[in-house]
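Here the structure comes first, spelled out in structure tokens, and everything after it is commentary.
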Amino acid sequence: MTTPKNIQPSEKKLEITQIRGLVGAKQNQKATLRSLGLKRIGHTVVRTADAVTAGMINTVPHLIKVEETK
């Protein structure tokens, strides 16, 4: 289950979880996950869905799972 590549900037809070490892990933994808604050498989962070975060999520949708928080 991967995240569709259509996250739009908004004021919502997103719960982002890393679901796949970085072995074999491109360098920019590794840097993107590190910038999101993800360190290992199963690690979760909560971020607002601003333009920067939406762009990072759209760069690595196959490595993460995104859910809206309440």
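Once rounded to the nearest 0.5 Å, the distance linking CZ of R47 with CG of L36 reads 5.5 Å. To the nearest 0.5 Å, the span separating CD1 on I19 from OG1 on T44 amounts to 11.0 Å. Q27 contributes atom CD, which lies 10.0 Å from atom OG1 of T32 (distance to the nearest 0.5 angstrom). One distance of note links CG of L33 with CD1 of I57; it measures 10.5 Å at 0.5 Å rounding. The NZ atom of K13 sits 9.5 Å away from atom OG1 of T53, with the distance rounded to the nearest 0.5 Å. Q18 contributes atom CD, which lies 9.0 Å from atom CD1 of I64 (distance to the nearest 0.5 angstrom).
Scanning all heavy atoms of the two residues, the minimum distance from G21 to I41 falls at N-CD1, 3.6 Å.
Counting heavy atoms from C-beta outward, K39 and R34 have side chains that approach closer than 4.5 Å. Using a 4.5 Å cut-off on side-chain heavy atoms (C-beta onward), I7 and L14 make contact. Counting heavy atoms from C-beta on, the side chains of L38 and I16 come closer than 4.5 Å.
Residues that satisfy the salt bridge (Lys or Arg N to Asp or Glu O under 4.0 Å) test with E68, not counting sequence neighbours, are K12. Partners of V52 under the side-chain contact (heavy atoms from CB on, under 4.5 Å) rule, at least two apart in sequence or in another chain, are D50, M56.
Enclosure of atom NZ in K30 by more than 12 non-hydrogen atoms of other residues, nucleotides or ligands within 6.0 angstrom is indicated.
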